[in-house]
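Taking it in order: structure first as structure tokens, then the write-up.
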Amino acid sequence: MFIFEVEGLTVCYAAARGRRAVDGVSFALGAGEILGVSGPSGCGKSTMALALIGLLPETAQVSGAIRLRGRDLRTCSEREHAAIRGADVGIIFQESALALNPLRTIGAQIADVVCAHARGDRQSARDRVLTTMTDVGLGDDLDRIYDSYPHELSGGQRQRVLIAQAIVNRPAVVIADEPTASLDASVRQDVLDRMRTLSARQGTSFILISHSADVLSSTAHRVIEMRDGRLATAAARRTPAPRPRASVSFASVGSSALAIEIRGAEKVHAQRRLLSKRHFVKALDSVDLRIERGRTLGLTGPSGCGKSTLARCLAGLDALDAGEIRIDGRRVATRRGRDRQMHRNQVQLIFQDSAAALNPRFTVHEAIVEPMVVQRASTTAERRLRVLELLDHVGLPADALTMRPGELSGGERQRVAIARALATHPRVLILDEAFSGLDVETRQRIIGVLQGLQTTDGLAYLCISHDIDLLAELASEIALMRDGRIVGEQAGALMGSMRVPA
Amino acid sequence: MRFVLGRLGHSVLVLVLVSVLTFALIELSPGQFFDDLKVDAQIGSTTVETLRQQSGLNETPLTRYLAWTQSVARGDFGVSLAHRVPVGSLLWERARNTLLLTIPATLVCWLVALPLGLWLARHRGRWTDRIFTTASSTLVSLPDILVALLLLLVALRTGLFPTGGMLSPGADTLDAMARLRDLVNHAFLPFCALILVLLPPVIRHVRASAIEAIDAPAVRAARGHGINGWHLTTRYILPLSANPLISLAGLSCAALVSGSVLIEVVMSWPGLGPLLVESLLAKDVHVVLGASMLATMFLVTGNLLADLTLYAVDPRVRS
């Protein structure tokens with residue numbers, strides 16, 4: 001008996017001149033089954049997820065059948081559909097910075113999902129929310145997180161809030177679109193284990209969309225692969241392809257002088273409320289770091305430990321409360337005006353939410369050319385050539401130039417962000433979970449590009465990630481951060497077996 | 001608290017700059033208050049000269065500006081050359097009449113625009129939306145004066161409403177209830193004209209912000225969790241679309257004194273509008289200065305209120 005069946009699901013947009021985003025996809029899901037969906041970025045995975053719960057915009061033409069316990073959801077009215085969403089079918093979205101209401105506290109937003117489907121007071125909803133928050137690993141400091149706003153949490157914590165929203169009503173089916181992309185390794189394993197437990201004990205079925213072969217092979221009972229909107233193969237429990245361990249030599253260019261030196265960095269965040277007292281969180285606590293030219297430092301640690309704060313300070317977006325930063329031996333922490341502009345040109349940041357990092361109104365060309373326009377050091381023709389060169393570096397075709405972020409997939413958007421970061425010829429690149437939205441092929445290609453730049457230009461990278469395997473592959477050394485402190489530093493090769501304590 | 005003090009200091013600076021600019025503009029334009037008398041054959045040039053001397057118009061512009069700032073400190077805002085009374089009391093009487101018209105109109109306008117704009121956004125693309133959008137863009141593009149004249153024409157043809165003034169002649173003799181009825185009767189036409197002018201742009205702004213909020217991933221995610229109807233509108237769509245609307249509401253505070261000038265002139269409502277036009281033409285410096293200070297004060301206060309509201313509702317602004 002199948003609980004969820006999809007037959008000949010097809011989605012096309014009138015604007016795309018009949019090109020089908022999803023083309024005749026059929027599959028069936030048994031109770032308690034975890035179905036993995038893999039495929040490169042832009043293959044239609046996310047569109048399919050939206051189609052399954054009836055959330056595509058009205059401009060999309062959907063055909064085929066979607067049956068939940070035999071009932072065709074495509075014939076439901078909007079009201080009936082809303083009653084099913086969040087109660088019988090849960091969904092986990094991938095861009096956690098955008099998928100939460102910035103003006104409402106975390107707890108209220110999870111409680112909203114409970115109250116949308118059950119009669120009952122908010123107090124009993126609160127208990128249920130707290131239990132679910134503990135379940136998804138938001139356990140410590142529960143009350144503070146309950147009353148926090150989304151921008152006060154780290155990317156990993158927000159992602160867990162999205163998971164809590166999806167499972168709080170114990171739905172029969174959960175559609176998870178890259179649910180673990182921004183979680184640290186141990187919590188990711190923990191969340192995946194929890195999914196398996198839920199599926200085994202309560203018979204919850206999962207549609208797990210991921211580009212990571214590791215995630216799918218360790219969790220899914222069955223994996224289907226999508227390519228250009230179609231199903232490619234249906235394999236039972238694929239064995240993961242052995243990860244190509246590139247033995248990259250990080251040849252230092254010229255002298256091995258320090259590209260970045262951070263000494264005694266401190267930063268305190270205040271959480272302000274309208275009426276009650278302020279709350280202080282020490283995000284950076286006497287942090288020391290060094291990266292030599294042409295080398296890569298990996299930085300890892302549990303969600304909310306201060307990794308992203310360090311990245312923002314290093315890039316000159318936030319000022320340190322104490323301590324100093326030197327780039328190529330020159331102190332930057334207190335510089336102003338012109339100097340600060342130089343600093344920002346030299347250090348470029350690539351964020352984990354590519355959708356939030358790009359202006360939706362800019363075309364790809366406008367986005368990449370903007371830093372060069374701000375610099376005012378080149379002619380229009382030179383800029384045009386440079387943009388094409390950068391696009392080629394990150395593996396995007398030239399006809400992407402006129403597209404806007406909304407028309408690109410998550411992976412393609414991230415490549416645009418990387419091209420934009422390279423536009424100012426930076427000395428240091430900070431990659432803040434920059435690879436978490438990319439499929440394996442794209443990721444390897446971009447890593448190749450970045451390593452090429454490192455040997456030719458002597459760029460230094462600070463690579464922030466929860467993925468220890470990725471860091472071990474990329475970085476010569478890896479630093480471990482916890483509660484705003486650097487608690488350990490080791491050579492990359494030794495870290496392969498190490499796990500981050502949650 | 002530091003935020004509020006900073007904004008207050010900023011506001012005072014704006015007021016000073018506006019007063020200097022207005023004063024300079026009046027000075028730079030040709031002519032002075034008593035120039036009309038010079039062409040009158042019955043009045044000798046010595047008389048005009050004496051009048052100018054008495055009013056202090058022979059002093060340098062700087063001395064006159066400083067004298068005016070002293071009068072501001074006293075609270076009377078200078079003396080009107082035409083009316084021979086302190087500008088403060090003159091402005092207060094006229095501003096009261098203007099606010100009597102604009103405050104209810106602005107309130108009604110927002111009370112109608114918020115639900116209507118949200119409703120149009122949620123039913124985007126249907127025929128009701130198309131009709132309202134077309135109608136409002138037509139009204140937005142009509143000049144105020146034309147709207148006022150058209151309404152006057154209707155009033156004249158039908159004879160249902162008085163076409164000017166605020167009270168009927170002899171209204172002083174009536175009892176309170178009858179006077180109020182008379183006032184409402186006179187106010188109805190300018191009130192309608194004001195609503196027709198104010199409402200369409202506000203509806204369009206509400207609709208546009210709400211559409212942006214509805215398309216935001218956060219609202220899509222909320223719908224994905226089955227949140228819909230009233231709760232979705234009040235807790236997700238409205239808060240997400242509120243920021244630009246709060247700023248707009250701040251600006252519409254400025255329009256409380258300056259937005260109805262043309263309508264008041266056309267419909268002879270004894271508010272600030274006719275006084276301002278008359279004083280501008282006659283070069284009655286202190287009245288013009290006082291009126292622009294009043295308008296600026298409303299603008300600055302409106303913006304300050306809007307910023308404080310934003311600070312209160314948006315946790316991202318606070319941090």
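Letters go in sequence order (proteins before strands), and every chain restarts at 1. Keep in mind that what you see is a predicted model, and the values were worked out from it rather than measured.
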Residue part contacting chain B, namely of Ala83(A), when any heavy atom lies under 4.5 Å: neither
Winner by heavy-atom pair count (cut-off under 4.5 Å) against chain A, out of Val219(B), Ile227(B), Asn228(B), Leu240(B): Ile227(B)
Which of Asp112(A), Val113(A), Ile91(A) touches chain B most, by non-hydrogen pairs under 4.5 Å: Asp112(A)
Side chains of Phe4(A) and Ser205(A) in contact at under 4.5 Å (non-hydrogen atoms): no
Side chain, backbone, both or neither of Gln109(A) within contact of chain B (heavy atoms, under 4.5 Å): both
N-O pairing of Arg71(A) and Asp88(A) below 4.0 Å: no
Contact class of Asp314(B) relative to chain A, heavy atoms under 4.5 angstrom: both
Lys NZ or Arg CZ of Arg316(B) over Tyr149(A) ring: under 6.0 Å, within 45°: no
Under 4.5 Å from a heavy atom of chain B, the part of Leu103(A) involved: both
Pair Arg126(A)-Asp143(A), salt bridge (charged side-chain N to carboxylate O under 4.0 Å, His left out): steps then yes or no: CA-CA 11 Å; Arg126(A) 186 189 159 97; Asp143(A) 286 312; 3.2 Å; yes
Residue pair Pro150(A) / Ile106(A), side-chain heavy-atom distance below 4.5 Å: yes
Neighbour count above 12 (heavy atom, 6.0 Å) for His10(B) NE2: no
Which atoms of Leu50(A) approach chain B - backbone, side chain, both or neither, heavy atom under 4.5 Å: side chain
